[in-house]
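Have a look at the structure below, then the notes.
Keep in mind that what you see is a predicted model, and the values were worked out from it rather than measured.
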Number of protein chains: 2
Amino acid sequence: MTPTIKDVAAHAGFSIATVSRAINAPHTVNPVTLDTVRRSIDALDFRPSALGRQLRGERTRLIGVILPTLANPVFAECLQGIDELAATQGYRLMLMTTQYDTERERHAIETLREHRVEGLILTVADADTHPLLDELDRAGLLYVLMHNDTVRRPSVSVDNRLAAYEGVRMLIAHGHRSILMLAGTLAASDRARQRHLGYAQAMQQAGLAPAPALEVDFNADELSPSVLAHLTRGANRPTALFCSNDLLAMVVMRGLRRARLQIPHDMSILGFDGLAMGELLSPPLASVCAPNREIGCAAWQRLLARVTGGYETFSETPLALTLPHSLREGATIAAISNRNETTPARISVRA
Amino acid sequence: MTPTIKDVAAHAGFSIATVSRAINAPHTVNPVTLDTVRRSIDALDFRPSALGRQLRGERTRLIGVILPTLANPVFAECLQGIDELAATQGYRLMLMTTQYDTERERHAIETLREHRVEGLILTVADADTHPLLDELDRAGLLYVLMHNDTVRRPSVSVDNRLAAYEGVRMLIAHGHRSILMLAGTLAASDRARQRHLGYAQAMQQAGLAPAPALEVDFNADELSPSVLAHLTRGANRPTALFCSNDLLAMVVMRGLRRARLQIPHDMSILGFDGLAMGELLSPPLASVCAPNREIGCAAWQRLLARVTGGYETFSETPLALTLPHSLREGATIAAISNRNETTPARISVRA
DNA sequence: ATGAAAGCGCTAACAG
DNA sequence: CTGTTAGCGCTTTCAT
């Protein structure tokens with residue numbers, strides 16, 4: 001069906017070796033021959049099989065990418081960065097998503113290894129304790145994590161703790177004293193932990209009491225009554241919410257609006273991720289921003305350096321590469337008077 | 001480095017054929033042998049090379065996916081659908097993005113063909129006149145388009161013309177008479193054309209004058225003065241905008257807000273795509289919704305049917321599969337009194 | 001400058 | 001039930 005190098009050789013009247021050379025090292029073959037061969041290649045619409053090549057040579061120029069989901073633009077943004085560089089440098093991407101499911105993670109890694117990918121770029125729930133990553137280490141398969149917050153493994157991320165700390169300090173600077181952190185239900189992730197740590201530190205430093213993260217079901221249409229109760233009831237109801245990611249922040253805002261709360265008048269909102277889309281919201285979402293696309297690019301570059309560089313196993317740069325974060329003030333944060341947080345917050349012009 | 005079937009054979013003391021059988025047809029080998037072989041496989045951490053397999057067998061179980069960009073969630077949503085089914089059915093995805101660049105499209109197709117993908121799922125700017133697709137037809141490489149609106153090629157989409165028609169009718173039903181369509185600058189796409197057609201039909205049918213689509217730069221931070229002039233100036237300024245996609249709608253809304261226009265009070269907005277995220281906006285974005293995820297799923301199923309089914313070249317179902325669209329009323333549309341469109345619109349409770 | 005031949009990792013006849 | 005062998009499409013010595 002599909003023509004092979006043999007067909008070309010026969011058509012051109014040369015050996016397959018010559019055809020191979022004509023393709024891979026044109027200068028080593030007689031110009032006239034070269035021309036003939038090329039004509040045959042065109043005539044047959046021949047396309048060298050990557051399979052055959054890869055089997056022969058060592059390099060597959062294939063990189064595996066494993067992401068939790070594409071429903072969250074954070075990962076789509078990272079992937080954009082990766083894809084851009086991959087395309088430039090002649091590498092192919094094999095993509096698999098896991099929905100944070102360990103079984104699917106295992107399966108993805110397995111599949112990708114069977115395809116002899118030269119390396120892996122991935123995001124997992126919790127990197128430190130992930131057995132599959134230990135396995136990769138043992139097997140010597142190169143990988144770089146994105147977003148995972150760990151010093152034990154090759155990774156690219158922001159300083160989640162510090163970033164969250166600064167974000168919450170900003171809330172405090174705006175006069176908020178009762179601040180709650182919200183997280184998704186599956187949020188046993190390393191970065192969610194770090195973000196909560198930063199939240200807690202900022203609170204304590206201001207002499208405020210940090211609370212455990214409140215879990216919110218991402219997919220529910222409405223906020224659950226119990227969550228809503230937490231957010232609205234009496235005495236020391238929170239005036240600001242720190243959401244562990246932007247998508248969650250958006251879901252929460254919708255829930256609050258449906259419950260007739262106004263943002264930021266009745267509740268200030270701070271997200272995390274810095275989704276490009278957040279800026280398009282009304283009001284623009286305040287967020288602790290990670291450079292998602294750049295994280296993807298950096299992960300790619302680190303991986304490629306190791307893949308091509310070869311042997312500098314460690315001792316090079318630190319395992320964890322930390323990229324700078326930034327604060328997007330947005331307009332979902334209102335300053336409030338410090339007088340009395342139990343009454344509905346008042347709008348301040350300073351916001 | 002990586003162990004091969006030979007290593008396993010040597011380690012187990014059997015031939016490579018037996019090892020191969022132990023893997024692919026366990027029931028055909030002696031249980032004791034099987035056990036030994038499996039032990040060796042584990043001991044060596046052997047993983048059969050997909051390369052070797054593919055080279056031998058006909059099937060690569062590899063599908064290429066070519067998307068314009070992942071920055072627009074429309075495509076990420078489609079990809080989710082594809083990926084879900086691919087994972088279930090044991091296929092691998094090779095992903096490439098093009099940024100609507102023809103050269104990159106060519107390159108992506110080329111690369112994917114070299115990898116002997118069994119089929120292609122893709123979205124291009126304009127399917128009807130796309131020379132590369134003709135080439136695919138000629139070469140007999142199976143493909144299915146997503147979102148492209150054409151009857152000439154295998155595709156899955158909504159009826160863009162009809163959907164847009166209904167959307168604009170909805171605007172008209174809300175009392176709007178001066179309605180403008182906005183499109184992205186690179187919007188020479190087949191679906192943008194169909195959507196404009198639907199817009200024009202709805203307008204004409206209501207005795208209103210359709211205007212050419214107004215081009216808006218997607219990436220600019222602010223709306224250009226000339227665009228803004230179109231939207232706000234005097235006599236018959238539009239009271240509603242039909243945006244050719246949701247992302248554009250969001251950008252436009254930001255621009256309008258910066259220009260101190262209120263939505264929907266001063267301007268009603270209707271998007272197209274039905275991004276999941278649109279529901280999270282405030283106000284929730286009215287949109288003509290395509291079932292993006294399902295489009296991905298359907299494209300996958302059609303492709304796989306052809307890939308595995310084999311020979312029913314045509315005569316089966318029609319080339320273009322049209323999935324049902326829906327209207328999401330959202331809250332970016334206000335009803336206006338029909339009296340006098342030249343004065344600022346008034347809020348109506350009916351919205 | 002070109003060709004013959006080996007071999008990459010694997011599967012599939014075909015023998016035994 | 002197991003082994004031998006050929007060959008998938010290609011690159012790469014090694015001769016010529």
Side-chain angles (χ1 to χ4, degrees), chain A residues 1-41 44-62 92 110-118, chain B residues 1-41 44-62 92 110-118:
Chain A
M1 181 67 236
T2 346
T4 78
I5 197 173
K6 259 187 202 163
D7 301 320
V8 177
H11 184 277
F14 288 94
S15 73
I16 61 169
T18 300
V19 176
S20 178
R21 276 186 222 107
I23 296 170
N24 301 298
H27 55 282
T28 67
V29 5
N30 184 305
V32 183
T33 310
L34 183 59
D35 194 62
T36 316
V37 170
R38 285 195 168 147
R39 228 183 285 289
S40 297
I41 289 180
L44 300 178
D45 192 25
F46 168 73
R47 214 174 315 275
S49 159
L51 269 42
R53 283 184 173 194
Q54 292 174 348
L55 191 54
R56 190 61 235 257
E58 207 65 343
R59 318 279 326 266
T60 59
R61 294 182 86 80
L62 203 61
R92 261 74 61 191
E110 205 61 21
T111 303
L112 263 12
R113 291 184 70 180
E114 287 180 357
H115 278 267
R116 301 298 185 256
V117 294
E118 295 184 13
Chain B
M1 182 65 236
T2 346
T4 77
I5 198 173
K6 259 187 201 161
D7 301 319
V8 177
H11 185 278
F14 287 93
S15 74
I16 61 169
T18 300
V19 176
S20 178
R21 276 184 225 111
I23 296 169
N24 301 298
H27 55 280
T28 67
V29 3
N30 184 304
V32 183
T33 310
L34 182 58
D35 193 62
T36 315
V37 171
R38 286 193 167 151
R39 228 184 283 289
S40 296
I41 289 179
L44 299 179
D45 193 24
F46 168 73
R47 214 173 315 274
S49 159
L51 269 44
R53 285 188 184 205
Q54 291 173 349
L55 191 54
R56 188 60 234 260
E58 207 65 342
R59 318 282 322 270
T60 60
R61 295 184 84 80
L62 203 62
R92 262 74 61 189
E110 205 60 22
T111 303
L112 264 12
R113 290 184 70 178
E114 288 180 356
H115 278 269
R116 302 298 186 256
V117 294
E118 297 184 10

Smallest separation among heavy atoms of [X] and [Y], with atom names:
X	Y	value
Leu55(B)	Leu55(A)	CD2-CD2, 2.9 Å
Leu44(A)	His11(A)	CD1-CB, 3.9 Å
Ile5(A)	Phe46(A)	N-CE1, 3.4 Å
Ser15(A)	Ala9(A)	C-CB, 3.8 Å
Arg116(B)	Pro48(A)	NH2-C, 3.9 Å

Can you find a side chain N or O atom of Ser49(A) that sits less than 4.0 Å from OP1 or OP2 on dG9(D)? no
Would you kindly give the [atom1]-to-[atom2] distance between [X] and [N], to the nearest whole Å?
X	N	atom1	atom2	answer
Arg113(B)	dG9(D)	CZ	C1'	16 Å
Leu34(B)	dT2(D)	CG	C1'	13 Å
His115(A)	dG9(C)	NE2	C1'	14 Å
Arg116(B)	dC10(D)	CZ	C1'	11 Å
Lys6(B)	dT5(D)	NZ	P	14 Å
Leu55(A)	dC10(D)	CG	C1'	8 Å

Please list, one pair per line, the donor and acceptor atoms closer than 3.5 Å that link side chains of residues 19-26 of chain B to other protein atoms, with sequence neighbours excluded.
| unit_1 | atom_1 | unit_2 | atom_2 | d |
| --- | --- | --- | --- | --- |
| Ser20(B) | OG | Asn24(B) | ND2 | 3.3 |
| Asn24(B) | ND2 | Ser20(B) | O | 3.0 |

Each nucleotide of nucleotides 11-16 of chain D classed B (base within 4.0 Å of a protein heavy atom), S (only sugar-phosphate) or -, in 5' to 3' order, makes BB----
Closest to the Thr33(A) side chain: dC10(D), dC10(C), dT2(C)? dT2(C)
Is a side-chain N or O of Glu114(A) found less than 3.5 angstrom from the main chain of Arg47(B), in a donor-acceptor match? no
If we fit an axis to the first five pairs and another to the last five of the helix from dA1(C)-dT16(D) to dG16(C)-dC1(D), what angle do they make, to the nearest 10°? 40°
Map Thr28(B) and Thr2(A) onto DNA chain D by nearest heavy atom, then report which one ends up closer to the 5' terminus. Thr28(B)
Test side chain to side chain contact (heavy atoms under 4.5 Å, CB included) applied to Val37(B) and Val29(B), step by step: CA-CA 10 Å; Val37(B) 171; Val29(B) 3; 5.9 Å; no
Is Gln54(A) close to His115(A) at the side-chain level, that is, under 4.5 Å between some pair of heavy atoms? no
